[in-house]
**Student:** 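The structure that follows is given in the form of structure tokens.
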Amino acid sequence: MKVSIVATGCAMALALAAPVRAEEADAAAIVNGQFVAGGNKPGVRASGAKGVCLTGQFTPSAEAAGLSKAPHFAKTVPVTARFSMGGSNPGISDKAKPVTRGFAMRLRDPAGDLVLVIISAPVFSARTPQQLFDFVSVRAPGPDGKPDAEKVKAFAAANPETTKQAAWLNARPVPASFAGVDYWGVHAYTLTNAKGEAKVVKLKTVADAGQLGLTDEELKAKPDSFYADELKERLAKGPASFSLVAIHGEAGDPTADPTALWPEENRKSTTLGTLAITALEPDATCDAATFDPVVDLPAGIAGPADDPMFAIRSPAYAVSLSRRAQ
């Protein structure tokens with residue numbers, strides 16, 4: 001996701017209402033649209049505005065070094081992580097169903113950090129920056145504070161790939177915990193080992209706690225913000241653990257389209273290690289640096305060169321950070 005300078009007031013409204021041009025789909029325009037869709041709340045992230053900062057460690061498996069020469073797969077390293085709700089509205093309810101839960105992690109090493117930003121669905125909501133710009137633009141609230149339902153419906157009909165993520169989330173219960181749901185890296189990564197052997201994979205964290213979903217009755221009884229307290233109680237009893245898994249790609253698998261689903265059922269996979277979340281951290285710990293999955297990749301792991309949605313993440317995060325600091 002990329003971005004430039006932010007319009008305000010009437011100029012912003014007019015820009016979002018005008019016909020979309022290719023040059024508008026840069027990081028600044030996309031981040032602008034994300035903020036507008038979330039109500040233009042100040043001092044927050046363009047996505048993942050509501051979240052919890054954490055600390056922990058990553059312990060690689062014996063098989064990890066056979067796939068990647070990154071130092072993080074050779075020894076136990078400290079981790080700074082953040083669970084979050086999708087979107088730029090910090091007041092979003094934890095009970096919202098068609099919203100991704102996010103898991104950002106920074107595996108720290110003196111040679112350079114490894115950052116992954118993953119979500120609770122195996123697909124992203126847009127295939128290209130232009131499509132993402134259009135996706136968030138049609139969700140800009142009107143005078144009644146709500147997006148135009150007919151515009152959203154028409155956009156979905158014209159862009160069916162953008163409906164896959166919501167369909168996935170709506171088909172499953174609302175997670176009972178940030179620690180009770182799997183998370184996917186929607187982009188294809190290339191892992192390279194010390195011999196120079198490369199393997200294209202998709203990354204996924206599998207919750208050791210299993211898939212903890214809430215029934216409709218359980219959901220009704222929950223307050224709008226329960227994840228942080230649930231996590232605090234959980235961590236008081238022990239770490240929240242996940243297995244980091246590499247799902248091996250096969251010939252013909254798309255690497256340029258994060259809305260395309262790789263079938264996992266019959267795929268070879270390798271467990272790269274165990275991620276143990278051990279304690280809550282002050283928000284300032286996670287706010288000190290952007291979780292940038294494009295810039296912070298060491299030798300041994302590379303993002304896709306042909307996926308425009310991966311490339312635009314770094315400038316978009318930079319724009320979001322600058323907005324947050326204002």
Side-chain angles (χ1 to χ4, degrees), residues 48 51-84 101-120 175 177-185 187 189 191-194 201-212 227-247 269-303 317:
V52 183
C53 188
L54 312 128
T55 190
Q57 62 183 26
F58 176 76
T59 303
S61 68
E63 295 76 27
L67 279 179
S68 174
K69 63 183 179 183
H72 313 74
F73 297 128
K75 61 183 183 297
T76 298
V77 295
V79 172
T80 299
R82 188 173 184 269
F83 289 126
S84 63
R101 278 67 183 164
F103 191 2
M105 64 189 80
R106 178 181 297 278
L107 283 61
R108 305 197 305 275
D109 186 83
D113 294 344
L114 166 57
V115 168
L116 298 173
V117 178
I118 57 182
I119 59 174
S120 61
S177 170
F178 278 134
V181 65
D182 295 344
Y183 298 85
W184 286 260
H187 305 289
Y189 286 84
L191 303 182
T192 306
N193 63 20
V201 304
K202 283 200 173 181
L203 300 175
K204 175 183 180 181
T205 59
V206 179
D208 288 355
Q211 305 306 294
L212 307 179
Y227 279 148
D229 288 341
E230 192 280 337
L231 202 54
K232 183 177 180 179
E233 293 175 9
R234 180 178 294 274
L235 296 180
K237 300 173 185 176
S241 298
F242 298 81
S243 295
L244 178 62
V245 175
I247 302 163
S269 64
T270 301
T271 298
L272 298 175
T274 300
L275 185 69
I277 300 300
T278 56
L280 299 177
E281 281 283 313
D283 289 343
T285 301
C286 287
D287 293 344
T290 300
F291 289 92
D292 190 328
V294 180
V295 172
D296 292 319
L297 286 180
I301 176 169
Y317 292 170

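FYI, side chains are in, hydrogens and waters are out, and symmetry mates aren't considered; it's all heavy atoms of this structure.
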**Student:** Going by side chain to side chain contact (heavy atoms under 4.5 Å, CB included), name the residues that satisfy it together with Ser84, two or more places apart in sequence or in a different chain.
**Tutor:**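 Once residues adjacent in sequence are excluded, the partners of Ser84 under the side chain to side chain contact (heavy atoms under 4.5 Å, CB included) criterion are Arg82.
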**Student:** According to ring-ring contact (aromatic ring centres under 6.0 Å, His included), who are the partners of His72, at least two apart in sequence or on a separate chain?
**Tutor:**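 Not a single residue meets the ring-ring contact (aromatic ring centres under 6.0 Å, His included) criterion with His72.
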**Student:** Atom CG of Leu114 and atom CZ of Phe73: how far apart are they, to the nearest 0.5 Å?
**Tutor:**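 The CG atom of Leu114 sits 5.5 Å away from the CZ atom of Phe73.
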**Student:** Suppose the criterion is side chain to side chain donor-acceptor pair (under 3.5 Å): which pairs have a residue in residues 273-283, not counting sequence neighbours?
**Tutor:**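 Every pair satisfying side chain to side chain donor-acceptor pair (under 3.5 Å) with a residue in residues 273-283: Glu281-Thr285.
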**Student:** Quick one: pull up CG in Leu235 and CD in Glu230 and give me the separation to the nearest 0.5 Å.
**Tutor:**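 Between Leu235 CG and Glu230 CD, I get 8.5 Å after rounding to 0.5 Å.
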**Student:** Taking side-chain hydrogen bond (donor to acceptor under 3.5 Å, both in side chains) as the test, write out the residues that go with Tyr189, two or more places apart.
**Tutor:** none
**Student:** Counting C-beta onward and ignoring hydrogens, is there a side-chain heavy-atom pair between Asp296 and Phe291 closer than 4.5 Å?
**Tutor:**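 No, their side chains stay 4.5 Å or more apart.
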**Student:** If you take all heavy atoms of Ser243 and Asp208, which pair is closest and at what distance?
**Tutor:** OG-OD1, 3.6 Å
**Student:** Go through Val52 and Tyr227 one step at a time and tell me if the side-chain contact (heavy atoms from CB on, under 4.5 Å) criterion holds.
**Tutor:** CA-CA 9 Å; Val52 183; Tyr227 279 148; 5.6 Å; no
**Student:** In the structure I gave you, are the side-chain heavy atoms of Pro78 and Thr55 within less than 4.5 Å of one another anywhere?
**Tutor:**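 Contact flag for Pro78/Thr55 side chains = no.
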**Student:** Measure the shortest side-chain to side-chain distance between Arg101 and Phe83 over non-hydrogen atoms and say whether it is less than 4.5 angstrom.
**Tutor:** no
**Student:** If the condition is side-chain hydrogen bond (donor to acceptor under 3.5 Å, both in side chains), which residues does Thr271 pass it with, not counting sequence neighbours?
**Tutor:** none
**Student:** Closest heavy-atom contact between Ala81 and Cys286?
**Tutor:** O-SG, 3.3 Å
**Student:** Could you check if a side-chain atom of Met105 sits within less than 4.5 angstrom of a side-chain atom of Val115, using non-hydrogen atoms only?
**Tutor:** no
**Student:** Would you give the length of the straight line joining atom CG of Leu275 to atom OG of Ser241, rounded to the nearest 0.5 angstrom?
**Tutor:**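 Going from the CG atom of Leu275 to the OG atom of Ser241 covers 8.0 Å.
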**Student:** Would you say that Leu272 contacts Leu67 through its side chain, given a criterion of any heavy-atom pair below 4.5 Å between the two side chains?
**Tutor:**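 Side chain of Leu272 against side chain of Leu67, heavy atoms only: contact under 4.5 Å found.
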**Student:** What is the minimum heavy-atom distance between Ala70 and Pro298, and which atoms define it?
**Tutor:** CB-CG, 3.9 Å
**Student:** Which residue pairs satisfy the side chain to side chain donor-acceptor pair (under 3.5 Å) criterion with at least one member in residues 110-120, sequence neighbours excluded?
**Tutor:**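 Found Arg106-Asp113.
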**Student:** Hey, could you give me the OH/CZ distance between Tyr183 and Phe242, rounded to the nearest 0.5 Å?
**Tutor:** 5.5 Å
**Student:** Identify, with sequence neighbours excluded, every residue that meets salt bridge (charged side-chain N to carboxylate O under 4.0 Å, His left out) alongside Asp109.
**Tutor:** Lys75
**Student:** List the residues meeting side-chain hydrogen bond (donor to acceptor under 3.5 Å, both in side chains) with Thr192, not counting sequence neighbours, and say none if there are none.
**Tutor:**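 If we apply the side-chain hydrogen bond (donor to acceptor under 3.5 Å, both in side chains) test to Thr192, skipping adjacent residues, there are no hits.
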**Student:** Looking at side-chain heavy atoms only, is the closest gap between Leu54 and Leu231 below 4.5 Å?
**Tutor:** yes
**Student:** To the nearest 0.5 Å, what is the distance between CD1 (Ile301) and CG (Leu116)?
**Tutor:**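 Here the rounded value is 5.5 Å.
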**Student:** Counting C-beta onward and ignoring hydrogens, is there a side-chain heavy-atom pair between Trp184 and Lys202 closer than 4.5 Å?
**Tutor:** no
**Student:** What pairs meet the salt bridge (charged side-chain N to carboxylate O under 4.0 Å, His left out) rule with one or both residues in residues 51-61, with sequence neighbours excluded?
**Tutor:** none
**Student:** Can you name the side chain to side chain contact (heavy atoms under 4.5 Å, CB included) partners of Ala209, sequence neighbours left out?
**Tutor:** Leu212, Arg234
**Student:** Nearest 0.5 Å please: distance from the NZ atom of Lys204 over to the CG atom of Leu244.
**Tutor:**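 Rounded to the nearest 0.5 Å, the NZ-CG separation comes to 11.5 Å.
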**Student:** Is there side-chain contact between Tyr317 and Val295, with at least one heavy-atom pair below 4.5 Å?
**Tutor:** no
**Student:** Please check if the side chain of Ser68 supplies one atom and the backbone of Gly300 the other of a donor-acceptor pair under 3.5 Å.
**Tutor:**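 Indeed, once roles are kept as given, a pair shorter than 3.5 Å links the two residues.
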**Student:** Considering only residues two or more places apart or on different chains, which pairs with a residue in residues 61-72 satisfy salt bridge (charged side-chain N to carboxylate O under 4.0 Å, His left out)?
**Tutor:** none
